[in-house]
**Q** 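Once you've had a glance at the structure underneath, I'll fire off some questions.
Predicted model only: the values in this text are computed from it and were never measured.
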Amino acid sequence: MDYHHLHALHTLADDCPYDFGADSLPDSDGFLGIGGDLSTATLLHAYRCGAFPWYSPNEPICWWSPDVRCVIRPSDFHPSKSLQRTAKTQTWSISSNLAFLAVVEACSQPRRDSAESWIGDDIKAAYNQLNQLGAASSIEVWAGVPQHSELIGGLYGVHFGSIFCGESMFHRKSDASKIAFWALMQLSKQAGIELIDCQVVNNHLLSLGASKLAKADFLKALTTLVHRPSGNLQTTKGFGSHNLMP
């Protein structure tokens, strides 16, 4: 994402008619309000303001900006010994942006702890448009050769300047989503992405090395990060999970 590409994204975001700079409602866990749309201009402007959509299908669009943010710097990620063993012993392959829609679709499937998903058809279409603009990326984990074997894990999110805002991840094999997260850290370091926004704090992300950041501190950092160019989260071809090892 060089300067010209980044400038084009900001120019597009400037067309958004909505204001995402308002404070969240008291005792709302970061709820900003209802309404708006999922156009590329709206989404880009929302992310550069620290907001993101989160709502159930067939319900009005809800916007959030948590009072406590979950973040991780790529250089702070340290894989556990068990995850390192997985990377060494599995014949999995990793790619980026080879199967964006397939990753989003997999993330939309019901989980063991929830029968419903917040990723509806409107979300899928909106983030696919961002991907086509180079403003959203996916990491894929394959059982074997990329695009010629089962997709067993992955994640996707919004890439804006030198920040990556993670949206969702999935796994069909144990540790596959963690391998995707590890790959995101490695590719982010290579691209010069400085911060990964994990949005909402949960124990799984904390176990991967994420930490908590107050909203005011996050927004202060965001102001600089969204205007700082970085490289692309792109691999020209897949690479084996063992290549994640130093």
**Q** For H10 and F160, take the angle between the two ring planes, folded into 0 to 90°, and tell me which bin it lands in: parallel under 30, tilted 30 to 60, perpendicular over 60.
**A** tilted

**Q** Between R172 and E150, is the closest basic N to carboxylate O distance under 4.0 Å?
**A** no

**Q** Could you check whether any side-chain heavy atom of M169 comes within less than 4.5 Å of a side-chain heavy atom of K178, counting everything from C-beta outward?
**A**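 Of all side-chain heavy-atom pairs linking K178 with M169, none is under 4.5 Å.
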
**Q** Specify whether F181 and F77 have parallel, tilted or perpendicular ring planes, treating 30° as the upper limit for parallel and 60° as the lower limit for perpendicular.
**A** perpendicular

**Q** Considering only heavy atoms from C-beta outward, does the side chain of P74 approach that of I196 to under 4.5 Å?
**A**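 Yes, close enough: below the 4.5 Å cut-off.
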
**Q** Check this for me: D2, atom CG, are more than 12 non-hydrogen atoms of other residues, nucleotides or ligands nearer than 6.0 Å?
**A** yes

**Q** Y18 and D37: side chain to side chain donor-acceptor pair (under 3.5 Å), yes or no, with the steps?
**A** CA-CA 9 Å; Y18 308 113; D37 55 54; 3.1 Å; yes

**Q** Could you tell me whether a side-chain N or O of W64 sits under 3.5 Å from a main-chain N or O of W54, the two making a donor and an acceptor?
**A**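 It does hold such a pair.
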
**Q** In the single-linkage hydrophobic clustering (I, L, V, M, F, W, Y; side-chain heavy atoms under 4.5 Å), do I139 and L208 co-cluster?
**A**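 Cluster IDs for I139 and L208 match.
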
**Q** Would you compute the distance between atom CG of D15 and atom OG of S39 and round it to the nearest 0.5 angstrom?
**A**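 Between D15 CG and S39 OG, I get 9.0 Å after rounding to 0.5 Å.
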
**Q** To the nearest 0.5 Å, what is the distance between CG (L184) and OG (S177)?
**A**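 So the CG of L184 and the OG of S177 are separated by 12.0 Å.
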
**Q** Looking only at atom types and distance, does a side-chain atom of Q147 sit under 3.5 Å from a main-chain N or O of L98, one as donor and one as acceptor?
**A** yes

**Q** Hey, are D122 and Y55 close enough side-chain-wise for a donor-acceptor pair under 3.5 Å?
**A**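 Distance-only check passes for Y55 and D122.
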
**Q** Under a 3.5 Å distance rule, please check whether Q84 uses its side chain to pair with a backbone N or O of P79 as donor and acceptor.
**A**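 Yes, because the side chain of Q84 sits within donor-acceptor range (under 3.5 Å) of the backbone of P79.
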
**Q** Within a strict 4.5 Å, meaning less than it, do heavy atoms of the S241 and V141 side chains meet?
**A**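 Result no, sub-4.5 Å side-chain heavy-atom pair not found.
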
**Q** Do H227 side-chain atoms and S162 backbone N/O form a donor-acceptor pair below 3.5 Å?
**A**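 No; judged by distance alone, with no hydrogens or angles, the pair does not exist.
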
**Q** Does any non-hydrogen side-chain atom of F218 lie less than 4.5 Å from one of I163?
**A** yes

**Q** Assess whether a salt bridge exists between K124 and D121, defined as any Lys/Arg side-chain N lying under 4.0 Å from an Asp/Glu carboxylate O.
**A** yes

**Q** With side chains defined as the heavy atoms from C-beta onward, is the minimum distance between W92 and K173 less than 4.5 Å?
**A** yes

**Q** Once you round to the nearest 0.5 Å, how far does CZ of R73 lie from CE of M185?
**A**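 So the CZ of R73 and the CE of M185 are separated by 12.0 Å.
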
**Q** Main chain of G161, side chain of S230: is a donor-acceptor contact present, judged purely on distance under 3.5 Å?
**A** yes

**Q** Under the rule for side chain to side chain donor-acceptor pair (under 3.5 Å), what residues qualify as partners of D14, not counting sequence neighbours?
**A** R48

**Q** Under 30°, 30 to 60°, or over 60°: which ring-plane class applies to Y3 and H7, parallel, tilted or perpendicular?
**A**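 Aromatic pair Y3/H7 classed parallel.
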
**Q** Between D197 and Y47, is any pair of side-chain heavy atoms under 4.5 Å apart?
**A**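 No - every pair of side-chain heavy atoms lies 4.5 Å or more apart.
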
**Q** Is there a donor-acceptor contact under 3.5 Å from the side chain of S65 to the main chain of A51?
**A**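 Not a single qualifying donor-acceptor pair exists.
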
**Q** Please state whether the rings of F164 and H159 are parallel, tilted or perpendicular, taking 30° and 60° as the class boundaries.
**A**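 Ring orientation of F164 relative to H159: tilted.
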
**Q** If you count every heavy atom of other residues, nucleotides or ligands that lies below 6.0 Å from K189 atom NZ, does the total exceed 12?
**A**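 Yes, the 6.0 Å shell around NZ holds more than 12 heavy atoms from other groups.
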
**Q** To check you understand the geometry: which heavy-atom pair defines the closest contact between D67 and G30, and what is its length?
**A** OD2-N, 4.1 Å

**Q** Between F52 and W63 (judged by ring centroids, cut-off 6.0 Å), do the two rings come close enough to count as a pair?
**A** no

**Q** Go through the steps to decide whether C198 and I72 satisfy the test side-chain contact (heavy atoms from CB on, under 4.5 Å), and finish with yes or no.
**A** CA-CA 7 Å; C198 303; I72 183 170; 4.1 Å; yes

**Q** Answer yes or no: is there a donor N or O on one side and an acceptor on the other, between the side chain of Q186 and the main chain of W182, under 3.5 Å?
**A** no

**Q** From T40 OG1 over to Q132 CD, what is the distance, rounded to the nearest 0.5 angstrom?
**A**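 Between atom OG1 of T40 and atom CD of Q132 there are 10.5 Å.
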
**Q** Please tell me if the side chains of P53 and L38 come closer than 4.5 Å, counting only heavy atoms from C-beta onward.
**A** yes

**Q** Under a 3.5 Å distance rule, please check whether R69 uses its side chain to pair with a backbone N or O of G50 as donor and acceptor.
**A** yes

**Q** Would you say the side chain of N131 lies within less than 4.5 Å of the side chain of L101, judging by non-hydrogen atoms?
**A** no

**Q** Under the side chain to side chain donor-acceptor pair (under 3.5 Å) test, which residues partner S188, sequence neighbours left out?
**A**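 Per chain and number, S188 pairs via side chain to side chain donor-acceptor pair (under 3.5 Å) with no residue.
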
**Q** Start with the C-alpha distance between N128 and Y156, add both sets of side-chain angles, then the distance that settles side chain to side chain donor-acceptor pair (under 3.5 Å), and finish with yes or no.
**A** CA-CA 10 Å; N128 184 47; Y156 77 97; over 6 Å; no

**Q** Hydrophobic side-chain clustering at under 4.5 Å (ILVMFWY, transitive links): who's grouped with V68? Put none if nobody.
**A**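 Noted: V68 shares its cluster with V201, L206.
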
**Q** Please lay out, stage by stage, how V200 and C70 fare under the test side-chain contact (heavy atoms from CB on, under 4.5 Å).
**A** CA-CA 5 Å; V200 180; C70 187; 6.0 Å; no

**Q** When you look at S138 and E140, which way does the side chain to side chain donor-acceptor pair (under 3.5 Å) test go after all the steps?
**A** CA-CA 6 Å; S138 60; E140 303 96 19; 2.5 Å; yes

**Q** Supply the atom-to-atom distance N232 CG to Q190 CD, rounded to the nearest 0.5 angstrom.
**A**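 It comes to 12.0 Å.
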
**Q** Mark yes or no for whether S80, through its side chain, and L83, through its backbone, hold a donor-acceptor pair below 3.5 Å.
**A**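 A pair under 3.5 Å: yes.
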
**Q** Quick one: CD on Q129 to CG on L43, what's the gap to the nearest 0.5 Å?
**A** 9.0 Å

